[in-house]
Amino acid sequence: MAMSSRRNAVAALAIMLLGSALAYVLLVGKPEPEPEEMPEIGPPVVDVVTAEPTSRALTVETQGTVRPLREVRLMSQVGGRVESVSAGFSEGSFFAEGDVLVQIEDVDYQLQIARAEAQVAAARQTLAEEKGRARQAQREWRNLGSDEANALFLRKPQIAAAESALKAAEADLEAARLDLARTSISVPFNGRISEKLVDIGQFVAPGTHVATVYATDVVEVRLPLTGRQVALLDLPLSYNDTPAADSGGAPVVLHARFANRTWEWRGRIVRTDASIDESSRVVYAVAEVERPFTRDPDSERPPLSPGLFVNAVISGRTLPDVVELPRSALRSGDVVQTVGPDQRIRQRDVHVLDRNARKVWVQGLAGGDRVVVDYPALLVGGTEVSVRPVAELVTGH
């Protein structure tokens, strides 16, 4: 028993010594960690494009509705029954200059002319008789041995009254002929009927609205322009003391969708409205398109009819030192950021000429300026950066 107890004590002691040695190796004998150097953080990288100022003409995009240049309400100047209408007297029909659209019965006006002619003949006869009596009175007065006679004896008042009566009769005849001519209703331009209000057999009184027509040689489109857009264009402005310059107007390309296809027409800006719109503060420029109803032999393009909604692209005037940039280059407040020779950010105020979803056109940059187009957040003036030139425009974040 004593021998067995001694063995157990020795084994326990050996286990304790082995555990102590192992703990020493793990806790004291492990190698110390080697210090690591922190990586050096360089300046932020920004994408830049190089400014290249050039002289260029920008275009302005706007919209409007086609309307006729001349539209008139035809009124009957005389009364009577509608005797006939032209074969094309219907809404949508075309007519030529001078075509008789409505003919009013003219029998009564023919009779008025006959009566007026009789009155003229009678007035001429009366005047001739008075002149004969005046000559006779002049001879009788001379036979009395006197060279002077009063006006009444020589029938001068009677002659004046007869002459006035003749002029009145001739005026009545001219008025009767004018009324007869007015029984034929026509228009002094080529046009199209947009509204028809009378037909054969209907009685019309003077002032009756018989039709609405418009000219087909030219149509116009009123195009709203903001102040920034006006600055890009050479508009035909006029002043009280000088006429508007006849420069031909800025070219305009109109696009409209009709029958599930997009068509194009070309015109010119010819004038601006007389006032600025009070509600929107925009200026309206008026574009005209000639021969809008002429068929194009090489195209199935439809006519440019009034009421059609169109998109317009107006050619602007040539401007100096224009720089085209990606839209992402522009900061709030019309500011861009450039990178100077010291590789630090600089804030630059620019004059924005125009912009869209992808691009912006500005003035105020010099050739060779490196403009930041893509940047990390919170990039402020004076920050040192590393540049990465890009060749293509970017659309922003």
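Just so you know, residue 1 is the first one in the sequence shown, and it goes up from there.
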At what distance, to the nearest 0.5 angstrom, does [atom1] of [X] lie from [atom2] of [Y]?
| X | Y | atom1 | atom2 | answer |
| --- | --- | --- | --- | --- |
| T54 | D321 | OG1 | CG | 8.5 Å |
| R358 | E324 | CZ | CD | 8.5 Å |
| T65 | L223 | OG1 | CG | 9.5 Å |
| L178 | L173 | CG | CG | 11.0 Å |

Which pair of non-hydrogen atoms, one from [X] and one from [Y], has the smallest distance, and what is that distance?
| X | Y | value |
| --- | --- | --- |
| A250 | S315 | CB-O, 3.6 Å |
| L225 | A285 | CD1-CB, 3.7 Å |
| V198 | F89 | O-CE2, 3.4 Å |
| P53 | A366 | CG-C, 3.9 Å |
| A287 | I269 | CB-CD1, 3.9 Å |
| A51 | V323 | CB-CG1, 4.0 Å |

* Judged by modelled atom types alone, do T212 and E195 share a side-chain donor-acceptor pair under 3.5 Å? ->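 A donor-acceptor contact under 3.5 Å links the two side chains.
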Would T183 and Q103 count as having a side-chain donor-acceptor pair, cut-off 3.5 Å?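 Yes, a side-chain donor-acceptor pair sits under 3.5 Å.
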Are any of the side-chain heavy atoms of [X] and [Y] separated by less than 4.5 Å?
| X | Y | value |
| --- | --- | --- |
| V373 | L325 | no |
| F94 | N190 | no |
| V213 | I193 | yes |
| V387 | V46 | yes |
| R348 | R331 | no |
| I185 | S76 | yes |
| Q363 | V350 | no |
| R192 | S305 | yes |

Is there a donor-acceptor pair closer than 3.5 Å between any side-chain N or O of [X] and the backbone N or O of [Y]?
| X | Y | value |
| --- | --- | --- |
| T62 | A312 | no |
| D99 | L101 | no |
| R370 | G340 | yes |
| R81 | G201 | no |
| Q343 | E384 | no |
| S164 | A160 | yes |
| R281 | S279 | no |
| R228 | D354 | no |
| D334 | H351 | no |
| R344 | G382 | yes |

Ion pair check, [X] and [Y], cut-off under 4.0 Å:
| X | Y | result |
| --- | --- | --- |
| R346 | D369 | no |
| E288 | R271 | yes |
| R222 | E220 | no |

ask   = Can R70 and D217 be said to form a salt bridge (Lys or Arg N to Asp or Glu O under 4.0 Å), step by step?
value = CA-CA 9 Å; R70 290 189 298 272; D217 54 344; 3.0 Å; yes
Is [X] linked to [Y] within one hydrophobic cluster, defined over Ile, Leu, Val, Met, Phe, Trp and Tyr using a side-chain heavy-atom separation of less than 4.5 Å?
| X | Y | answer |
| --- | --- | --- |
| V78 | M75 | no |
| I314 | W263 | yes |
| L197 | V82 | no |
| V218 | L304 | no |
| L235 | I276 | yes |

With side chain to side chain contact (heavy atoms under 4.5 Å, CB included) as the criterion, how do T272 and V286 come out once you've worked through the C-alpha distance, each side chain's angles and the decisive distance to 0.1 Å?
CA-CA 6 Å; T272 55; V286 180; over 6 Å; no
Look at the aromatic rings of F189 and F95 and report parallel, tilted or perpendicular, splitting at 30° and 60°.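 Judged by the thresholds at 30° and 60°, the geometry between F189 and F95 is tilted.
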Q. Passes side chain to side chain contact (heavy atoms under 4.5 Å, CB included), V362 versus V352? Steps please.
A. CA-CA 4 Å; V362 302; V352 178; 4.2 Å; yes
| Flag if over 12 foreign heavy atoms under 6.0 Å of CD, E129 |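 Enclosed: over 12 neighbouring heavy atoms sit under 6.0 Å from CD of E129.
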Q) Near R291 CZ, under 6.0 Å, is it more than 12 heavy atoms from other residues, nucleotides or ligands? A)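 Atom CZ in R291 is not crowded, with 12 or fewer foreign heavy atoms closer than 6.0 Å.
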Full working for salt bridge (Lys or Arg N to Asp or Glu O under 4.0 Å) between K167 and E170: CA-CA 5 Å; K167 290 181 180 180; E170 290 174 341; over 6 Å; no
Verify side chain to side chain contact (heavy atoms under 4.5 Å, CB included) between Q110 and L180, making sure each step is shown before the conclusion.
CA-CA 7 Å; Q110 296 279 8; L180 177 63; 3.9 Å; yes
Practice item. Check the pair V289, V221 against side chain to side chain contact (heavy atoms under 4.5 Å, CB included), reporting the backbone distance first and the verdict last. Key: CA-CA 8 Å; V289 179; V221 185; 5.5 Å; no
* Which residue, Q63, E61, H255, R257, forms the side chain to side chain donor-acceptor pair (under 3.5 Å) with N311? ->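 When side chain to side chain donor-acceptor pair (under 3.5 Å) is applied between N311 and each of Q63, E61, H255, R257, only Q63 qualifies.
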